[in-house]
Amino acid sequence: FQMSVNDQLMIPEATVPGPRQFEVVEFRDLQPLWPLCIPWIGCLCCPCIVTCNQYLVLEAEEAVLTSSNICWSSVERRPYAQIGEVIEMNMCLCCHAVKSNLNEAGKGSAPICPGWGCQADKVQRLAEALQERKVGRGNIAQIQQAELTVAYVKDINAKLDTVMQHLKLATPPLANNAEVMERDIAASHAVPIKR
């Protein structure tokens with residue numbers, strides 16, 4: 001069996017779907033006002049609390065939390081792969097917040113609790129958007145993409161082996177070494193090789 005130069009081998013191009021793409025979403029007016037209700041703290045920190053401006057921009061690859069007031073300002077950027085758990089909190093029956101490691105302050109993270117804490121819809125939308133991006137663009141998505149790529153490579157290798165057998169070509173020496181390495185790795189992890 002020989003192919004002439006004029007014969008065209010039609011091999012469909014394998015398309016590996018990429019990670020999910022998201023639109024840029026902004027959440028404005030996330031600054032907490034409820035600390036004004038706390039005796040002494042509300043009085044002493046009133047200028048900083050009242051002038052606070054906090055907003056979150058969920059970009060394609062990372063979340064950007066910007067906070068500023070007359071006392072300080074900060075911008076925190078965190079890739080979705082580095083965002084830990086996203087928890088929608090409900091405290092005292094009416095105070096709603098989102099807790100994640102996005103708003104880290106020192107040793108812990110302060111929950112994002114907009115306004116007086118009664119904006120349940122905004123908090124729910126924020127928690128859902130963060131969770132969706134964490135799963136769609138974070139470590140989970142990267143692992144799924146790697147597993148899909150490995151599956152495509154194995155499929156292509158199987159097709160190539162079939163073509164080589166049909167053409168009665170010898171297996172290249174490097175391919176044998178790769179199979180031995182694969183068996184050694186699988187044996188060290190006690191994972192059976194499925195073919």
Side-chain angles (χ1 to χ4, degrees), residues 1-27 55-66 74-89 98-104 107-109 111-112 123-195:
F1 175 72
Q2 285 186 334
M3 291 179 58
S4 67
V5 177
N6 295 332
D7 293 337
Q8 295 292 324
L9 183 61
M10 300 299 287
I11 301 174
E13 185 177 323
T15 57
V16 178
R20 185 167 171 205
Q21 300 296 321
F22 292 97
E23 294 181 16
V24 175
V25 177
E26 289 188 20
F27 291 92
Y55 61 94
L56 176 66
V57 179
L58 301 177
E59 296 179 349
E61 299 293 330
E62 62 187 1
V64 182
L65 181 66
T66 305
S74 71
V75 176
E76 183 179 351
R77 295 180 163 276
R78 188 171 301 264
Y80 297 119
Q82 293 179 4
I83 294 178
E85 61 184 349
V86 176
I87 302 170
E88 187 176 346
M89 300 172 60
V98 174
K99 183 168 178 21
S100 73
N101 61 344
L102 184 62
N103 193 16
E104 285 189 332
K107 292 183 179 178
S109 61
I112 298 173
V123 167
Q124 183 179 10
R125 286 194 318 271
L126 174 59
E128 288 172 357
L130 263 176
Q131 181 67 24
E132 186 177 33
R133 281 168 170 73
K134 183 184 88 166
V135 170
R137 298 292 296 176
N139 285 341
I140 296 169
Q142 291 172 1
I143 290 169
Q144 289 173 342
Q145 188 67 26
E147 288 173 348
L148 185 62
T149 303
V150 167
Y152 277 119
V153 167
K154 286 184 177 182
D155 185 49
I156 290 169
N157 284 341
K159 290 176 183 176
L160 185 59
D161 288 343
T162 304
V163 169
M164 288 181 67
Q165 285 176 357
H166 179 72
L167 297 175
K168 296 181 177 128
L169 297 174
T171 305
L174 289 177
N176 292 331
N177 289 343
E179 289 177 9
V180 170
M181 287 175 51
E182 187 178 83
R183 275 191 238 115
D184 290 344
I185 291 170
S188 68
H189 293 293
V191 177
I193 297 176
K194 295 180 183 175
R195 295 215 183 232

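Starting from 1, each residue takes its place in the sequence as its number.
In this structure, L169 CG and D161 CG are separated by 11.5 Å, a value rounded to the nearest 0.5 Å. Expressed to the nearest 0.5 Å, how far CD1 of I156 lies from NZ of K154 amounts to 13.0 Å. The structure places CG of L102 at 9.0 Å from OH of Y80, a figure rounded to the nearest 0.5 Å.
Residues that satisfy the salt bridge (Lys or Arg N to Asp or Glu O under 4.0 Å) test with E26, not counting sequence neighbours, are R28. By the side chain to side chain donor-acceptor pair (under 3.5 Å) test, E88 pairs with no residue at all, sequence neighbours left out. Remark: N157 engages V153 in a side chain to side chain contact (heavy atoms under 4.5 Å, CB included) (not counting sequence neighbours). Under the side chain to side chain contact (heavy atoms under 4.5 Å, CB included) criterion, E62 pairs with E59, V64, R77, not counting sequence neighbours. In this structure, the side chain to side chain donor-acceptor pair (under 3.5 Å) partners of D155, at least two apart in sequence or on a different chain, are K159. With sequence neighbours excluded, no residue satisfies salt bridge (Lys or Arg N to Asp or Glu O under 4.0 Å) with E128. By the salt bridge (Lys or Arg N to Asp or Glu O under 4.0 Å) test, R125 pairs with no residue at all, sequence neighbours left out.
Here the closest non-hydrogen pair linking M164 and A170 is CE-O, 3.2 Å. The minimum heavy-atom distance between R133 and F22, with the atom names listed, is NH2-CB, 3.6 Å. Residues K134 and I83 come closest through the heavy atom pair CD-O, 3.3 Å. Nearest heavy atom pair, residue F27 against residue L58, reads CE1-CD1, 3.7 Å.
Under a 3.5 Å cut-off, the side chain of R78 and the backbone N or O of N101 do form a donor-acceptor pair.
For the side chain to side chain contact (heavy atoms under 4.5 Å, CB included) criterion with Q131, the lone passing option out of I87, V98, V86 is V86. Considering T149, V150, L148 in turn, L148 is the only one that fulfils the side chain to side chain contact (heavy atoms under 4.5 Å, CB included) rule with Y152.
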